[in-house]
Amino acid sequence: MGSVRQTPRRHSHFRLGAARFAERVCSALGGRAFYRSRYLAAGRLVVRTETARVPRLPAALEGFCIVQISDLHGGSFLGPGDLAHLVDTVDALAPDVIALTGDFVTHDAREVERVAGDLARLRAPLGVYAVFGNHDYRGREEALIAAALPGVCFLRNASARVQRDGASVAFVGVEDLEEGRVVDLDLARAGLAPGDVEIVLCHNPLGARAIARAGCAAILSGHTHAGQIDLPFLRRLGPKHPGLRLLLGDTLLVTSRGVGAVGVPLRIGAPAEIVVVRLARRVD
Ligand SMILES: [Fe+2]
Ligand SMILES: [Fe+2]
């Protein structure tokens with residue numbers, strides 16, 4: 001994948017309109033309180049652990065810990081304080097880095113205000129990095145989202161290198177494959193140095209195979225909500241889901257089920273989750 005100029009907008013106005021209508025109805029019926037207690041409370045929120053096995057991983061990076069949080073969808077079903085348990089859980093995991101893989105909002109960039117207070121409490125010694133998801137480009141006001149989250153470094157076809165005991169991990173972020181104006185992996189990787197362990201943040205997992213061909217340790221994606229309501233007759237309505245964990249050669253693709261919800265405050269067979277990704281040396 002080099003530079004790919006996008007034709008913006010894949011959102012179906014009909015689907016988004018239907019989702020907004022359903023959200024208003026469910027919200028009036030107490031959808032937000034239901035969602036918080038059913039999916040985000042202690043004992044409900046899932047913490048999934050994945051290990052990225054990396055050939056020739058420097059000893060200094062053994063156990064390097066990334067916590068991935070995806071698809072918050074601040075709005076009707078997620079507001080101030082609803083992420084309190086999630087943030088406390090992340091804190092207890094003591095990650096080196098936190099990665100946010102997009103869809104902070106659903107319909108309007110201003111919905112970010114509903115989660116900004118909770119997200120401001122996220123702490124990681126080597127930083128909090130993010131990419132935008134397709135919903136975040138609505139109205140082309142991504143800058144509002146970034147401004148509301150001053151502690152978060154957004155990687156827009158860009159990278160950030162972090163060091164632990166002299167060894168480097170590079171976080172590479174690409175614009176959303178559907179809504180970003182230009183997706184440029186080559187530009188995003190331009191700042192990498194030989195020997196960097198590369199982790200790519202890419203909201204939509206559909207681009208993972210092309211990214212993996214360029215070589216990286218892991219790709220962190222979201223977008224699919226793992227179907228959100230994972231029933232056979234509804235499965236085709238949402239984005240194609242490649243599976244929670246997929247090996248593409250030496251590259252681990254992690255697709256998060258996400259945290260929030262679109263349309264209805266319901267998840268079936270796809271609990272809300274955060275993902276802990278740990279690096280480990282691969283021994284052949
Ligand atoms: Fe999403
Ligand atoms: Fe998405």
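Counting begins at 1 with the first residue of the sequence. Whatever order the structure lists ligands and atoms in, that order sets their numbers, starting from 1. Values below: every heavy atom of this structure, side chains too, minus hydrogens, waters and symmetry copies.
- The closest side-chain heavy-atom distance from I98 to I69 is below 4.5 Å.
- Between R138 and E179, no side-chain nitrogen of the basic residue sits less than 4.0 Å from a carboxylate oxygen of the acidic one, so the salt-bridge criterion is not met.
- Restricting H223 to its N/O/S atoms, the shortest distance to the Fe ion (ligand 2) is reached by ND1.
- Nearest to the Fe ion (ligand 1), among the N, O or S atoms that D71 has, is OD2.
- For the pair NE2 of H203 and OD2 of D103, the angle whose vertex sits at the Fe ion (ligand 2) is 90° to 10 degrees.
- The existence of a salt bridge linking R257 and D71 is excluded, since no basic side-chain nitrogen approaches an acidic carboxylate oxygen closer than 4.0 Å.
- Note on R110 versus E141: salt bridge recorded, some NZ/NE/NH1/NH2 to OD/OE distance being below 4.0 Å.
- If you look at H73 and ask which of its N, O or S atoms sits nearest the Fe ion (ligand 1), the answer is NE2.
- Between the side chains of S168 and Q163, at least one donor N or O lies within less than 3.5 Å of an accepting N or O.
- For residue T224, no N/O/S atom approaches the Fe ion (ligand 2) to within less than 2.8 Å.
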